[in-house]
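The structure appears below as structure tokens.
In what follows, chains carry the letters A, B, and so on, assigned in the order in which the sequence lines appear, proteins first and then strands, with residues in each chain numbered from 1.
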2 protein chains.
Amino acid sequence: MPDSLRRFKAGIFQALAHPTRIAILEQMKGGELTVSQICERLALEQANASQHLAVLRHKNIVVSRKEGNLVFYSLRDPILSQVLDLMREYFQKHLQEAMALLQEEREVRSYPHRKEARR
Amino acid sequence: MPDSLRRFKAGIFQALAHPTRIAILEQMKGGELTVSQICERLALEQANASQHLAVLRHKNIVVSRKEGNLVFYSLRDPILSQVLDLMREYFQKHLQEAMALLQEEREVRSYPHRKEARR
DNA sequence: TGCAAATATTCGATTATTCATATACACGAA
DNA sequence: TTCGTGTATATGAATAATCGAATATTTGCA
């Protein structure tokens, strides 16, 4: 596979790599939403939501449609919903480790110089 | 959905969000590989490969097995293969746009102050 | 026209990621 | 033990991502 394609893939994953953007995409599973609906449901600042939507838009992960004052966003391809569902399955399958991972991240934030456990 | 799940998903995507790591995972589809095999096939510096493998290991995306001097890496869970397969389907489906996106990125690098097209 | 609502963009400070370099560690053979 | 090979980690500089605050833009309505 050419490196250009890998960079494209990496770009998509990068766009998915933020909890807020994942939350936004989950909301859009149920269909189109306006920016203010997204802000309301997720308790986001408008500017912040707009920034994250811009990231998703630039990668063509979502599409927008303007109607009067409102901009409706929706998921462009249901494959991405499937991906998020698979990830939930993965998470549940490895729930114990997943929790440990999140805990570890918290600890790293508190004590940044502690070492990884030996295997 | 709890925010912990979103952070977990985001963390996995973050780990996938690098061309080199994608290349490494692709190599591992065929089965276990040692670090030096990976370096050789992808023309990576050993330290760089090790750094990327550490990222994948910390998210439990790959597992390692030591045999003498060698460390064999492999994909941990076939669900992640499924995710990668779904993403490949997505990429192929949108290949044309993908190319346009990559082209756009090149142009942005050359002329960083040009604006996004209006919709 | 002027105003208000909805959305988008810019800016600056902060934090995170990445790479190369150097160094450390672990193992097997001598 | 010492050496050589394979792998991992530490460090620091460069780059990129993030957030909040401020500002723009677009639209509908008076």
Side-chain angles (χ1 to χ4, degrees), chain A residues 3 6-7 10-24 32-59 62-74 105-106 108-110 112-119, chain B residues 6-7 10-24 32-59 62-73 105 108-109 112-119:
Chain A
D3 187 62
R6 285 190 197 123
R7 276 185 293 123
I12 302 291
F13 284 126
Q14 177 62 50
L16 299 178
H18 195 285
T20 301
R21 292 196 288 271
I22 289 177
I24 290 173
E32 297 190 311
L33 288 176
T34 66
V35 176
S36 31
Q37 286 178 310
I38 292 168
C39 289
E40 190 182 346
R41 296 190 188 190
L42 300 175
L44 298 176
E45 296 291 324
Q46 180 272 322
N48 192 240
S50 229
Q51 286 168 340
H52 284 301
L53 286 167
V55 172
L56 295 171
R57 218 174 45 229
H58 287 140
K59 302 295 185 185
V62 300
V63 291
S64 60
R65 171 177 79 79
K66 202 162 188 178
E67 190 176 317
N69 240 356
L70 304 176
V71 179
F72 290 85
Y73 279 90
S74 55
E105 281 167 24
R106 271 191 289 280
V108 167
R109 260 188 280 286
S110 312
H113 298 302
R114 193 171 292 176
K115 283 206 175 178
E116 174 184 7
R118 289 270 164 256
R119 325 187 157 251
Chain B
R6 291 190 193 122
R7 277 184 295 125
I12 303 289
F13 287 130
Q14 178 60 52
L16 300 178
H18 194 285
T20 301
R21 292 196 288 271
I22 290 178
I24 289 174
E32 299 190 308
L33 288 176
T34 66
V35 176
S36 32
Q37 285 177 311
I38 292 169
C39 288
E40 189 183 348
R41 295 190 188 189
L42 300 174
L44 299 176
E45 296 291 323
Q46 180 272 321
N48 192 242
S50 228
Q51 287 168 338
H52 284 301
L53 286 166
V55 172
L56 296 171
R57 218 174 45 229
H58 287 141
K59 304 291 186 189
V62 300
V63 290
S64 60
R65 171 176 78 79
K66 203 161 186 177
E67 192 176 315
N69 239 0
L70 305 175
V71 179
F72 290 85
Y73 279 89
E105 280 168 24
V108 168
R109 260 190 281 286
H113 298 302
R114 193 173 293 178
K115 284 207 176 179
E116 174 183 7
R118 291 267 163 258
R119 323 183 161 254

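Distance CD (A:Glu45) to P (D:dG20): 6 Å, rounded to an integer number of Å. Atom-to-atom, CG of A:Leu70 to P of C:dA8 comes out at 11 Å; the value is rounded to the nearest Å. At whole-Å resolution of the value, CG in A:Leu44 and C1' in D:dC19 are 12 Å apart. Atom pair A:His18:NE2 and D:dA16:P shows a separation of 18 Å (rounding to whole Å applied). Rounded to an integer number of Å, the gap from CG of A:Asn69 to P of D:dT27 is 9 Å. B:Lys66 places its NZ atom 7 Å from the C1' atom of D:dT7, with the value rounded to the nearest Å. Rounded to an integer number of Å, the gap from A:Glu40 CD to C:dA6 P is 11 Å. Look at CD on A:Glu67: it is 16 Å from C1' on C:dA5, rounded to the nearest Å.
Within the model, atoms CD of A:Glu45 and OG1 of A:Thr20 stand 11.5 Å from one another, a figure rounded to the nearest 0.5 Å.
At least one donor-acceptor pair under 3.5 Å links the side chain of B:Arg21 to the backbone N or O of B:Ala15.
One N or O donor and one acceptor, one from the side chain of A:Gln51 and one from the base of C:dT10, sit under 3.5 Å apart. Side chain A:Gln46 to base C:dA8: a donor-acceptor pair is found below 3.5 Å. Looking at B:Gln37, its side chain has no donor and acceptor atom pair within 3.5 Å of the base of D:dG6.
The residue A:Ser36 sits close only to the backbone: its heavy atoms come under 4.0 Å of sugar-phosphate atoms, none of a base. The residue B:Ala47 sits close to a base: some heavy atom pair falls under 4.0 Å. Residue B:Phe72 is out of contact with every strand shown, counting any heavy-atom pair closer than 4.0 Å.
In summary, of the residues considered (B:Ile24, B:Leu44, B:Leu53), a side chain to side chain contact (heavy atoms under 4.5 Å, CB included) with B:Val35 occurs for B:Leu53 alone.
Within the structure, a side-chain polar atom (N or O) of B:Asn48 is placed less than 4.0 Å from OP1 or OP2 of C:dC19. Residue B:His52 places at least one side-chain N or O closer than 4.0 Å to OP1 or OP2 of C:dC19. In this structure, A:His58 does not reach the C:dT9 phosphate: none of its side-chain N or O atoms is under 4.0 Å from OP1 or OP2. An OP1 or OP2 oxygen of C:dT9 is reached within less than 4.0 angstrom by a side-chain nitrogen or oxygen of A:Arg57. Look at B:Arg65 and you won't find any side-chain N or O under 4.0 angstrom from OP1 or OP2 of D:dT7. OP1 and OP2 of C:dA6 both lie 4.0 Å or more from every side-chain N or O belonging to A:Tyr73.
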Intermediate values then yes/no, side-chain contact (heavy atoms from CB on, under 4.5 Å), B:Ile22 and A:Phe13: CA-CA 10 Å; B:Ile22 290 178; A:Phe13 284 126; 3.9 Å; yes
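Among the nucleotides C:dT7, D:dT9, C:dT18, the one closest to the side chain of A:Ser50 is C:dT7. Here the side chain of A:Gln14 is nearest to one of C:dA8, D:dA17, D:dT7, namely D:dA17.
Using bins of under 30°, 30° to 60° and over 60° for the plane-to-plane angle, the ring pair B:His52/B:His18 lands in the tilted bin.
Closest approach of A:Gln46 to A:Cys39, counting heavy atoms only: CA-SG, 3.6 Å.
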